[in-house]
S.K.: 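One structure, pasted below without further comment.
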Amino acid sequence: MRKLKNSELDRLSVDAFKEAKKTPIIIILDNIRSLNNIGSVFRTSDAFLVEKIYLCGITATPPHKDIHKTALGSTDTVDWEYVENTIDLVKKLKTEGVRICSIEQAENATMLDTFLPKTNTKYALVFGNEVKGVAQDIVSISDVVIEIPQFGTKHSLNISVSCGVVVWDVFSKLQQL
């Protein structure tokens, strides 16, 4: 078995990416501190043709060298917007028919492995602060809270890892619909 060269991976150009049909997933970053985490979310979003990223509250925005270090150019492909107030954004998206999914540990949360997305539905996945998680006011108005099952001693996963796990899972389930 031989590793493939980047030139053999048949990836989209920036222009082709912008024209490609996007996955009906929006990502909302609610007060993310780490610029490396933000960059990683951009890179994951590029990989799975995420429609848009909203950067909220204290979440930094491109251009920034620490975001660029992990985003590797995906800030130029994935559509993004800064919105100061996460709750206002969530309320607006809800009026547009977007299903709000907070990624959090909460009472009556739906485990990711049992979450089943629906056809013709757009999903906003909300990822929260590295210490405090998704703000309670956002959790309270979410359509669903999705929890990643975990079995070790730690209470949570890094936000960039959580994003990769959840986006891959939802993307793959949407492809089967």
S.K.: With a 4.5 Å heavy-atom cut-off, do Ile25 and Leu174 have their side chains touching?
M.R.: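 SC-SC contact between Ile25 and Leu174 confirmed.
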S.K.: Under the rule for side-chain contact (heavy atoms from CB on, under 4.5 Å), what residues qualify as partners of Ala47, not counting sequence neighbours?
M.R.: none
S.K.: Would you tell me whether Ser13 and Asp15 have side-chain atoms, one donor and one acceptor, within less than 3.5 Å of each other?
M.R.: no
S.K.: Among pairs that include at least one residue of residues 116-154, which meet ring-ring contact (aromatic ring centres under 6.0 Å, His included), considering only residues two or more places apart or in two chains?
M.R.: Phe115-Tyr123
S.K.: Is Lys92 salt-bridged to Asp88, cutoff N-O under 4.0 Å?
M.R.: no
S.K.: Thr119: which residues meet the side-chain contact (heavy atoms from CB on, under 4.5 Å) condition with it, sequence neighbours left out?
M.R.: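 Leu177.
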S.K.: What residues form a side-chain contact (heavy atoms from CB on, under 4.5 Å) with Lys69, not counting sequence neighbours?
M.R.: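 For Lys69 the side-chain contact (heavy atoms from CB on, under 4.5 Å) partners, ignoring immediate neighbours, are Asn36, Asp66.
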S.K.: Please check this pair: side chain of Thr23 against backbone of Phe48, looking for a donor-acceptor N/O pair closer than 3.5 Å.
M.R.: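 Yes, the answer is positive, given that a donor and an acceptor are paired below the 3.5 Å cut-off.
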S.K.: Ignoring hydrogens and angles, tell me if any N or O in the side chain of Glu51 forms a donor-acceptor pair with the backbone of Lys122 under 3.5 Å.
M.R.: no
S.K.: Give me the other members of the hydrophobic cluster that Ile100 sits in, counting Ile, Leu, Val, Met, Phe, Trp and Tyr linked by side-chain heavy atoms under 4.5 Å, directly or via other members.
M.R.: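 Joined to Ile100, directly or through intermediates: Ile26, Ile28, Tyr54, Val83, Ile87, Leu89, Val90, Leu93, Val98, Val126, Val134, Ile138, Val139, Ile141, Val145.
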S.K.: Going by side-chain contact (heavy atoms from CB on, under 4.5 Å), name the residues that satisfy it together with Gln175, two or more places apart in sequence or in a different chain.
M.R.: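 Applying side-chain contact (heavy atoms from CB on, under 4.5 Å) to Gln175 gives Phe171.
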S.K.: Can you find a side-chain donor-acceptor pair between Gln176 and Ser172 that sits under 3.5 Å?
M.R.: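 Not at all, the side chains of Gln176 and Ser172 share no donor-acceptor pair under 3.5 Å.
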